Amino acid sequence: QVQLAESGGGLVQAGGSLRLSCAASGVTFSRFLLGWFRQAPGKDREFVAAISWSNNSTFDADSVKGRFTISRDNAKNTVYLQMNSLKPEDTAVYYCAITARATVVRITLSSMYDYWGQGTQVTVSS
């Protein structure tokens, strides 16, 4: 059974940094994408970044390019989201998710992901 556990959220001032972690267990797929999404109150879930477990390709949303970096540690089965230059508009619950579908129409669509963590709150104060 696939389980994802996020950690590392918290309260930070604008301009600060946080590193989120997503620990994956029970993953038996040979090829999959692990993505980060976020959801602010009253808003739809938004794609942030994703990484291919097989070839390490990464994908970033325009809103976080140059500020956020996704990376992985194979030995720990963990994916990280390093968030720098945080802004108040980055405030949200951040979720990690996995898709192992053979065909992914768009990696930015949350409906393409089948396994989700419980989320971790990130609050950026101005």
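No experiment lies behind these values; they were computed from the predicted model shown.
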Does a side-chain heavy-atom distance below 4.5 Å link [X] with [Y]?
X    : Y    : answer
V12  : T123 : no
Y80  : L20  : no
C96  : V79  : no
L81  : V48  : yes
I107 : L33  : yes
V93  : T120 : no
L86  : F68  : yes
M112 : R101 : yes

Geometric cation-pi criterion R72 and W53, 6.0 Å radius, 45° cone: yes
Main-chain N/O of K76 paired with T78 side-chain donor or acceptor, under 3.5 Å: yes
Check: T91 side chain, V124 main-chain N or O, donor-acceptor pair, under 3.5 Å: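 Confirmed, T91 side chain pairs with V124 backbone.
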Over 12 non-hydrogen atoms of neighbours within 6.0 angstrom of NZ in K43: no
Within 6.0 angstrom of N55 CG, more than 12 heavy atoms from elsewhere: yes
Working to the nearest 0.5 Å, report the span between [atom1] of [X] and [atom2] of [Y].
X    : Y    : atom1 : atom2 : value
C22  : I98  : SG    : CD1   : 6.5 Å
S126 : Q13  : OG    : CD    : 9.5 Å
F29  : D114 : CZ    : CG    : 7.5 Å
L34  : S52  : CG    : OG    : 10.5 Å
L11  : S125 : CG    : OG    : 5.0 Å

Derivation of the side chain to side chain contact (heavy atoms under 4.5 Å, CB included) call for R38 and S63: CA-CA 12 Å; R38 64 187 182 186; S63 58; 3.7 Å; yes
Kindly give the heavy-atom pair with the smallest separation between [X] and [Y], and that separation in Å.
X   : Y   : result
D60 : A49 : OD1-CB, 3.6 Å
D73 : A75 : OD1-N, 3.0 Å
S85 : R67 : O-NH1, 3.0 Å

Stepwise side chain to side chain contact (heavy atoms under 4.5 Å, CB included) check, E6 with W36: CA-CA 10 Å; E6 303 95 335; W36 283 99; 3.8 Å; yes
Ring geometry between Y95 and W116 (parallel below 30°, tilted from 30 to 60°, perpendicular above 60°): perpendicular
Parallel, tilted or perpendicular: ring planes of F37 versus Y113, cut at 30 and 60 degrees: perpendicular
Trace of the side chain to side chain contact (heavy atoms under 4.5 Å, CB included) decision for M83 with Y94: CA-CA 12 Å; M83 305 187 296; Y94 283 70; 3.9 Å; yes
Side chain to side chain donor-acceptor pair (under 3.5 Å) between S17 and N84, intermediate numbers included: CA-CA 4 Å; S17 299; N84 299 328; 2.9 Å; yes
Cluster check F59, V64: I/L/V/M/F/W/Y, side chain < 4.5 angstrom: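 Unlinked, F59 and V64 end up in two clusters.
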